Amino acid sequence: MAGFDVLKNDLLLRTARGERVERPPIWVMRQAGRYLPEYHQAKGNNDFFACCRSPEIASTLTLQPIDRYEGLIDAAIIFSDILVIPQAMGMTVEMLDKKGPHFPNPLQSPTDGQYEQLMDRKVDVAQELDYVYQAITMTRHKLKGRVPLYGFCGAPWTLLCYMVEGGGSKLFVQVKTWIYKYPSQSKKLLQKIAELCVEYLALQVKAGAQIVQVFDSWAAELSPASFKEFALPYLRHISKHLPPRLKELRLESVPMVVFAKGAWYALDDLCGSGYQVVGLDWLQDPAEAVRIANGRVVLQGNADPGVLYGDKEAITAVVQDLVRGFAGGKQGWIANLGHGVTPFVDPDNLKFFFEEIRRFTAGENRPSTKV
Ligand SMILES: Cc1c2[nH]c(c1CCC(=O)O)Cc1[nH]c(c(CCC(=O)O)c1C)Cc1[nH]c(c(CCC(=O)O)c1C)Cc1[nH]c(c(C)c1CCC(=O)O)C2
């Protein structure tokens with residue numbers, strides 16, 4: 001990509017490609033966010049989605065953890081949200097203080113006009129989400145090659161959940177009604193979302209994203225059989241169609257990461273789903289995951305984010321366990337939490353987490369398995 005500084009720390013990209021590396025790279029999901037005092041300062045009174053839409057603010061927020069933990073983390077992730085796709089599809093999404101995302105008009109039933117309208121509408125992902133690409137390009141310039149930049153999107157199943165539930169949910173009454181009462185209409189919509197995800201990720205790469213992650217945050221709501229029917233095919237659609245789309249755009253391929261939270265039951269399938277990296281949440285035992293993956297993919301994860309509420313002894317113990325579980329870092333491993341950093345975490349505890357990963361993976365603990 002013309003005009004960007006040469007990447008000085010390519011450890012994470014080499015790891016994601018399955019190469020031998022000197023130590024496992026580290027970053028954490030939601031590393032830019034509410035636990036950081038500088039996040040609140042830069043966000044000010046701006047609405048959450050207004051921050052996403054401002055390339056200046058979004059790039060500033062993206063860089064905050066990189067500056068704060070300079071030299072300790074090996075990747076940035078663009079500040080945005082998975083719900084920008086439903087917005088691009090014409091749905092209104094608000095971020096309510098302390099409550100999370102809210103759709104004032106969620107999809108009701110495939111038998112009403114709203115579904116037809118949504119399915120018929122042609123979505124111009126290039127135009128609708130131009131602000132994300134601008135934020136990515138600006139962030140790449142500001143990063144000056146310090147670390148690579150992740151782009152991301154929500155997975156079709158998780159986005160469907162939000163679009164019909166209208167926000168977070170406990171019982172998932174609406175989305176379960178959709179998939180079990182109207183499976184074919186649900187699948188048509190999932191397919192449409194998957195196609196938008198491909199184009200959206202391709203344009204993020206064009207703008208400067210160097211690795212991409214697909215978040216299937218509600219995978220735990222599905223049974224193994226329903227995951228195979230309503231989530232996996234659409235995750236596969238993305239991993240199958242993104243590389244040729246990049247080729248068409250004359251862009252180099254980038255590593256793809258899938259993070260299906262709670263889908264420990266589907267790890268074997270995920271390892272064969274066309275992604276080079278599989279993210280793990282903390283319900284998964286690392287050693288067991290390494291055994292199942294059997295060198296097919298690089299693994300990313302998976303400390304319980306809750307340990308950051310604990311003291312240093314607790315963090316050290318979790319890191320030691322983690323490093324041991326991932327065979328001392330000898331397998332392809334990207335160190336991370338098992339989900340995003342949560343509010344009220346002391347930023348110094350996260351720093352200590354990073355330092356401990358470094359300490360226990362220094363020296364001869366080198367990932368040595370070629371994937
Ligand atoms: C499910 C999901 C969403 N958004 C996202 C997911 C997938 C990851 C996951 O499973 O957590 C993805 C996301 N959201 C955000 C990022 C930024 C990049 C990063 O990881 O640092 C990423 C990668 C910023 C954010 N997205 C959100 C915030 C907090 C906004 C604020 O109150 O200031 C941030 C920094 C808001 C958000 N956005 C979403 C929810 C449920 C919430 C409310 C919960 C919460 O506040 O933690 C939807």
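Just so you know, these numbers use all the heavy atoms, side chains as well, and skip hydrogens, waters and symmetry mates. All residue numbers refer to positions in the sequence shown, counting from 1. Just so you know, ligand 1 is whichever comes first in the structure, and atom 1 is the first atom listed for that ligand. All values derive from a computational prediction rather than experimental measurement.
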Please list the nearest protein heavy atom to [atom] with its residue and the distance rounded to 0.1 Å.
atom	answer
atom 37 (C) of ligand 1	M95 CE, 3.4 Å
atom 8 (C) of ligand 1	F215 CD2, 3.4 Å
atom 45 (C) of ligand 1	R34 NH2, 2.9 Å
atom 22 (C) of ligand 1	F152 CZ, 3.5 Å
atom 1 (C) of ligand 1	Y162 OH, 3.4 Å
atom 16 (C) of ligand 1	S80 O, 3.5 Å
atom 38 (N) of ligand 1	D81 OD1, 2.7 Å

Looking at L96, I'd like to know if its CG atom is crowded, meaning that more than 12 non-hydrogen atoms belonging to other residues, nucleotides or ligands lie closer than 6.0 Å. yes
Take atom NZ of K99 as the centre, draw a 6.0 Å sphere, and report whether it contains more than 12 heavy atoms from other residues, nucleotides or ligands. no
Is the contact between K261 and ligand 1 made by the side chain, the backbone, both, or neither, using heavy atoms and a 4.0 Å cut-off? neither
For ligand 1, which atoms sit closer than 4.0 Å to a heavy atom of [X]?
X	value
S217	1 (C), 7 (C), 8 (C), 9 (C), 10 (O)
Y39	30 (C), 31 (C), 33 (O), 35 (C)
A32	21 (O), 35 (C)
G100	43 (C)
M29	20 (O)
I77	18 (C), 19 (C), 20 (O), 21 (O), 23 (C)

Donor-acceptor side-chain pairing of [X] and [Y] below 3.5 angstrom:
X	Y	result
S217	K261	no
Y180	S186	no
Q191	E195	yes
S223	S226	yes
W27	Q300	yes

Candidate with minimal heavy-atom separation from [atom], of [options]:
atom	options	value
atom 6 (C) of ligand 1	I78, V214, I82	I82
atom 25 (C) of ligand 1	Y35, F48, W218	F48
atom 19 (C) of ligand 1	K43, K99, R30, Q64	R30

Within the structure, is a non-hydrogen atom of [X] found at a distance of less than 4.0 Å from ligand 1?
X	answer
F259	no
T342	no
Q213	no
K98	no
P101	yes
Q31	yes

Would you verify whether the NZ or CZ of K187 falls within 45 degrees of the ring axis of F230 while also being under 6.0 Å from that six-membered ring's centre? yes
Yes or no on salt bridge (Lys or Arg N to Asp or Glu O under 4.0 Å) for D10 and R17, after CA distance, side-chain angles and deciding distance? CA-CA 11 Å; D10 65 350; R17 285 191 220 108; 5.5 Å; no
The side chain to side chain contact (heavy atoms under 4.5 Å, CB included) partner of Q320 among V318, L322, T316 is T316
Between H339 and ligand 1, does any nitrogen or oxygen pair lie at a separation below 3.5 Å? yes
Quick one: pull up SG in C197 and CD1 in I82 and give me the separation to the nearest 0.5 Å. 9.5 Å
Taking the six-membered ring for Trp, are F152 and F215 ring centroids under 6.0 Å apart? yes
Answer yes when E248 and R245 have at least one side-chain N-carboxylate O distance shorter than 4.0 Å, and no when they do not. yes
Is there side-chain contact between P86 and F103, with heavy atoms separated by less than 4.5 Å? yes
